[in-house]
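Some notes on the structure that comes next.
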Protein chains: 2
Amino acid sequence: MVLPRAAKTQRRTRIQEEKEEQILEAALEVFATHGFRGSTIDQIAEVAGMSKPNLLYYFRTKEAMHRALIDRVLDSWLDPLREFDAEGNPVAEIRSYIRRKLEMARDFPRESRLFANEVLQSAPHILDELRGPLKTLVDEKVEVIRAWAKAGKIAKCDPYHLIFAIWSTTQHYADFDAQVRAVLGEEHSGEGRFEDAARFLEQLFINGLAVHGPASS
Amino acid sequence: MVLPRAAKTQRRTRIQEEKEEQILEAALEVFATHGFRGSTIDQIAEVAGMSKPNLLYYFRTKEAMHRALIDRVLDSWLDPLREFDAEGNPVAEIRSYIRRKLEMARDFPRESRLFANEVLQSAPHILDELRGPLKTLVDEKVEVIRAWAKAGKIAKCDPYHLIFAIWSTTQHYADFDAQVRAVLGEEHSGEGRFEDAARFLEQLFINGLAVHGPASS
DNA sequence: TGATAATTTGACCGGTTGGTAAAACATTAC
DNA sequence: GTAATGTTTTACCAACCGGTCAAATTATCA
């Protein structure tokens, strides 16, 4: 036999697991930095520390690498939203959703940029995932938020745009890191900026969604 | 003579103006969609409706095209922030800044994506502009916001992160349009989504920045 | 009109890119 | 040990890419 990926549902070798892991790690690095079209197999091979044909032994095409990477990363990327709990306290839920998203931007910026590159270029490879699993999950959480607003626990608002706002503000620190650093200057670009961002965003969203009843006091 | 760009400060031909315009329009389309590395001169030539060597007659390299495009677009891109007026009413100023940014995302999404692509890939071609003119302008407006907060006209907050939040939430609708459409579904993806977004964002930022003094009312 | 300069094109070049073929090498199973 | 299988490498290819060149074409203007 010569093609491991053709193996008929056979269990994979230890070497296969290790190498595929190595390759996907390198692919994440490169795809996140240059986008799909801007990345070359040679680049990925160099980062992975192996030859190009060796890479192509494990993934038959550049697209296969990209696909495998997306499949692996997408699920964990949606986890923070999944944890969004209908039973919890609305304010606390929103606050901790922002926290989790911001932590992901800090700890997994490459994953964020991988998707950002895709979506920015019209999502040619992940449109189905966006229209399917992502939309389904969002629709579900939108209903939760809508119920909270109806019950007067948070201000009435368009839940879709609330979710977009949380996504964009938090992922901004991963996707547009270069701009954030340039504007803040090197002196404020330490890890402390994530704490500052968290404080600001919590203030913004918590106050922004607080119920301002007709009778203040 | 053979190279128009070498013309010693001579006034440009009508044809030169027209063709350079045509080329930059096409370059915007292509660069915004595929990023610098992902774009090819042939692509731009095809969109511009002329041959590749003809393009290279007006811009000697792909980088020169990109640079010319950035120079032309950057200035107008910063206009909304420039209009931010220290003398105005804080709430009204912030509200109309959000409006203007959202209108730009709606009316000039390609310009937004051009920069997004650059910044996402570590801003290799515009880092100087970010660290120079952009930072200077932001620093200036940060002082305005800080003064407003000190005067008790808006809530105390980190002005840098406020600006980041406005940038990210508004540009989201241009840069991640594919995702927004996928999540909203085709039925809510009409132009009306910008009105919904404007309503939500104004509510979020105005309430989020309202002063909640110890004595309300 | 004709001379001159500006513009456009087709043919081409060297380097890169995604991907292949086949043989060399390593590992595992018996 | 050895045969079968799994892995890696060297050499290679055709297509594409950024860019050049010289010739052909068109616009300008005396």
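All chains are named by letter (A, B, ...) in the order of the sequence lines, taking the proteins before the strands, and each is independently numbered beginning at 1. No experiment lies behind these values; they were computed from the predicted model shown.
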Taking the inter-plane angle between the rings of A/Phe31 and A/His66 on a 0 to 90° scale, is it parallel (under 30°), tilted (30 to 60°) or perpendicular (over 60°)?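 Taking A/His66 first and then A/Phe31, their aromatic rings stand perpendicular (interplane angle over 60°).
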B/Lys19, nearest nucleotide to its side chain (from C/dT9, C/dT8, D/dT8):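 Looking only at heavy atoms from C-beta outward on B/Lys19, the closest nucleotide is C/dT8.
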Given D/dC21, C/dG18, D/dT10, the nucleotide with the shortest approach to the side chain of A/Lys62: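 From the listed options, C/dG18 comes nearest.
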Roughly how many Å is it from [atom1] in [X] to [atom2] in [N], rounded to a whole number?
X       : N      : atom1 : atom2 : answer
A/Leu55 : D/dT7  : CG    : C1'   : 13 Å
A/Leu56 : D/dT7  : CG    : C1'   : 14 Å
B/Glu18 : D/dA27 : CD    : C1'   : 13 Å
A/Glu20 : D/dT8  : CD    : P     : 11 Å
B/Glu63 : D/dG19 : CD    : C1'   : 13 Å

Ignoring hydrogens, what is the shortest heavy-atom contact between B/Leu78 and B/Leu134? Give both atom names and the distance.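 Closest approach of B/Leu78 to B/Leu134, heavy atoms only: CD2-CD1, 3.6 Å.
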Which heavy atom of A/Val47 sits nearest a heavy atom of A/Ala26, and at what distance?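 Taking every non-hydrogen atom into account, CG1-CB, 3.6 Å.
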So, is [X] close to the [N] phosphate, meaning a side-chain N or O under 4.0 Å from OP1 or OP2?
X       : N      : result
B/Asn54 : C/dT9  : yes
A/Ser51 : D/dT9  : yes
B/Tyr57 : D/dG19 : no

Taking any heavy-atom pair under 4.0 Å as a contact, classify A/Lys52: base, sugar-phosphate, or nothing.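 Base contact.
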Would A/Lys141 and A/Trp167 count as a cation-pi pair here, with the cationic atom under 6.0 angstrom from the ring centre and within 45° of the axis?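 No; the conditions do not both hold, so A/Lys141 does not lie above the ring face of A/Trp167.
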Does either side chain, that of B/Tyr97 or that of B/Asp85, offer a donor lying less than 3.5 Å from an acceptor on the other one?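 No - no donor-acceptor pair under 3.5 Å links their side chains.
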Between B/Glu63 and B/His125, is there a side-chain donor-acceptor contact under 3.5 Å, judged purely by atom types and distance?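 Yes, side-chain donor-acceptor contact under 3.5 Å.
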Which comes earlier along DNA chain C counting from the 5' end, the contact point of B/Pro53 or that of A/Thr61, where each point is its nearest nucleotide?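 Looking at DNA chain C, the more 5' nearest nucleotide goes with B/Pro53.
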Please report the C-alpha distance between A/Phe36 and A/Lys62 in whole Å, then the side-chain angles of each, then the deciding distance to 0.1 Å, and finally whether the side-chain contact (heavy atoms from CB on, under 4.5 Å) criterion is met. CA-CA 9 Å; A/Phe36 182 76; A/Lys62 187 173 137 181; 3.8 Å; yes
Of all of residues 23-49 of chain A, which get a heavy atom below 4.0 angstrom from DNA chain C, listed by number?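 Heavy-atom contacts with DNA chain C come from A/Ser39, A/Thr40, A/Ile41.
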